[in-house]
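Data first, discussion second: the structure below is written as structure tokens.
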Amino acid sequence: MDALEGRFFLAFIALMEEKSFSRAAERLGYVQSTVTTHIQQLERIVGQKLVHRYPRGIELTEAGKVFSKYAYQYVHLIQSLDEHIHELAEPSGTIRIRTQESFFLTRMLPFIQEYTSQRPNVNLRIEHGTHQEILKGVLDYELDFGIVPENPNRHELLFNPILEETIVFAASQTITQNVKKFGAHILNHQLFISNGTSCLYHTSAIDVLKQAGITVKDALELPSLEMIKQYVGCGKGYALIPEIAIRKELQTGELQILSFAPKMTFTHGLITHKNREHSVTCKGFQAAFMDFYHR
């Protein structure tokens with residue numbers, strides 16, 4: 001323990017990857033004799049020959065192959081320690097998040113403004129996706145966090161509830177009045193508009209409509225919440241939308257809530273892979289995020 005030094009591990013890894021003393025020295029900014037000395041000292045310390053030297057380059061011995069695994073872990077540990085110590089002084093780095101567009105537009109902007117103003121060195125990479133795309137990104141370790149409208153109940157994931165979201169069926173004034181006058185069955189002949197079948201709101205809407213005796217015969221998939229609102233506002237159909245997303249339209253009368261079905265609620269939450277080792281910055285982000293929505 002006392003004899004091993006970090007520069008020995010770096011020299012070993014460079015030699016192993018470059019397969020040449022001269023290229024390893026060039027990579028590290030050393031003269032070749034320095035790399036040779038480091039490897040010799042390392043072999044003396046561990047008491048095993050680590051590399052075979054050939055005119056065409058080097059190959060690892062069996063002891064070298066075993067040692068390589070620990071060399072990488074050692075260097076990774078030191079790098080992680082350096083990053084964590086640096087983050088304690090000033091949070092920095094990139095945090096990758098995926099959420100539904102509707103949540104981002106209606107719920108997340110105030111938090112982002114507050115968070116980024118206090119932590120200018122943290123880069124938030126936020127993208128939108130469907131419920132399944134968010135789950136896949138977190139499960140595949142592509143994302144640090146995901147925000148989903150309900151608990152996925154997956155043993156690999158940790159779910160931290162954020163807030164309850166009320167979802168309503170909305171339509172233009174004309175369609176809403178016709179539903180009140182003739183009944184919800186007239187929706188059998190109306191266009192149902194959503195983000196598509198991969199959207200959790202879409203599948204939930206189909207179930208509720210079926211219970212009300214309504215069959216979706218014609219559906220339109222639109223990529224954004226704003227497009228859905230504009231299309232529904234023109235009297236071209238109806239949609240299931242977060243109530244907060246149409247507050248302005250409800251006040252102006254451009255959109256109205258269809259009352260044939262009760263309001264639905266979803267519990268949004270922050271998810272992460274339970275086996276993912278988060279940096280200090282990521283842990284700080286999670287704490288700030290949860291605190292913001294639980295004030």
Side-chain angles (χ1 to χ4, degrees), residues 83 87 91-154 156-167 193-205 220-231 239-246 266-294:
E83 291 173 1
E87 288 170 345
S92 61
T94 299
I95 300 175
R96 294 170 295 276
I97 311 161
R98 187 175 293 161
T99 181
Q100 289 185 323
E101 183 205 27
S102 58
F103 186 89
F104 175 80
L105 293 176
T106 60
R107 300 288 193 177
M108 206 165 174
L109 285 175
F111 167 76
I112 293 172
Q113 292 169 345
E114 178 179 304
Y115 182 84
T116 54
S117 67
Q118 297 173 354
R119 300 165 181 83
N121 293 327
V122 178
N123 176 30
L124 295 182
R125 287 185 54 187
I126 304 173
E127 55 189 69
H128 71 84
T130 64
H131 183 65
Q132 291 303 318
E133 289 170 341
I134 297 168
L135 293 181
K136 185 177 185 303
V138 176
L139 289 169
D140 292 348
Y141 294 92
E142 177 190 352
L143 305 171
D144 293 299
F145 301 103
I147 302 172
V148 292
E150 71 173 8
N151 189 343
N153 291 312
R154 299 285 297 262
E156 313 99 312
L157 302 177
L158 299 176
F159 177 82
N160 298 284
I162 304 168
L163 52 83
E164 281 200 347
E165 187 82 90
T166 300
I167 311 297
I193 305 167
S194 73
N195 285 128
T197 55
S198 59
C199 175
L200 183 64
Y201 293 161
H202 178 101
T203 54
S204 299
L220 175 64
E221 180 178 333
L222 293 176
S224 76
L225 176 64
E226 190 59 35
M227 289 181 69
I228 292 175
K229 291 198 297 182
Q230 293 291 337
Y231 214 93
L240 187 67
I241 306 176
E243 186 174 20
I244 190 175
I246 56 172
F266 289 86
T267 301
H268 280 278
L270 189 73
I271 60 170
T272 187
H273 201 295
K274 70 176 183 180
N275 295 328
R276 189 180 185 93
E277 181 61 35
H278 283 306
S279 67
V280 173
T281 296
C282 279
K283 291 177 180 177
F285 167 86
Q286 183 173 0
F289 188 84
M290 300 304 296
D291 178 68
F292 181 88
Y293 290 101
H294 290 163

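Because the structure is a prediction, the values reported are computed rather than measured.
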Could you pull out the closest heavy-atom pair between H202 and S194, with the gap in Å?
-> ND1-OG, 2.6 Å
Check: I97 and F285 side chains under 4.5 Å, non-hydrogen atoms = yes
Under the side chain to side chain contact (heavy atoms under 4.5 Å, CB included) test, residues paired with P161 that sit two or more places apart | F159, T267
Worked check of side chain to side chain contact (heavy atoms under 4.5 Å, CB included) between I271 and R154 = CA-CA 10 Å; I271 60 170; R154 299 285 297 262; over 6 Å; no
If you take all heavy atoms of L240 and A205, which pair is closest and at what distance?
-> CD2-CB, 3.6 Å
Does the side chain of M108 reach to within under 4.5 Å of the side chain of F292, using non-hydrogen atoms?
-> no
Does the side chain of Y201 reach to within under 4.5 Å of the side chain of N195, using non-hydrogen atoms?
-> no
Closest non-hydrogen atom pair, I134 against I147 = CD1-O, 3.3 Å
Spacing of CD1 belonging to I95 relative to CG belonging to L143, to within rounding of 0.5 Å | 12.5 Å
Tell me, do L157 and L135 make a side-chain contact under 4.5 Å, heavy atoms counted?
-> yes
To the nearest 0.5 Å, atom CZ of R125 lies from atom OG1 of T94 at 7.0 Å
What distance separates L124 CG from I112 CD1, expressed to the nearest 0.5 Å?
-> 6.5 Å
Straight-line distance of T130 OG1 to E101 CD, nearest 0.5 Å | 12.5 Å
Indicate the ring-plane relationship of F289 and F111, choosing parallel, tilted or perpendicular according to the 30° and 60° boundaries.
-> perpendicular
Say whether, by atom type as modelled, one donor and one acceptor occur between the side chain of K229 and the main chain of A245 under 3.5 angstrom.
-> yes
List in chain and number order the residues that pass side chain to side chain contact (heavy atoms under 4.5 Å, CB included) with K283, two or more places apart in sequence or in another chain; answer none if no residue qualifies.
-> E277, H278
Pairing residues for Q230 by the side chain to side chain contact (heavy atoms under 4.5 Å, CB included) criterion, not counting sequence neighbours = E226
Any ring-ring contact (aromatic ring centres under 6.0 Å, His included) pairs touching residues 123-142, not counting sequence neighbours?
-> Y141-H273
Just wondering, do L225 and F104 contact through their side chains at under 4.5 Å, heavy atoms?
-> no
side-chain hydrogen bond (donor to acceptor under 3.5 Å, both in side chains) partners of residues 105-117, not counting sequence neighbours, each pair once = R107-E165, E114-R295
Shortest non-hydrogen contact from C199 toward Q100 | SG-NE2, 4.3 Å
Tightest non-hydrogen contact, residues L200 and P149, listed as CD2-CG, 3.4 Å
Salt bridge (charged side-chain N to carboxylate O under 4.0 Å, His left out): which pairs involve residues 130-148, sequence neighbours left out?
-> R96-D144, R98-E142, K136-D140, D144-R276
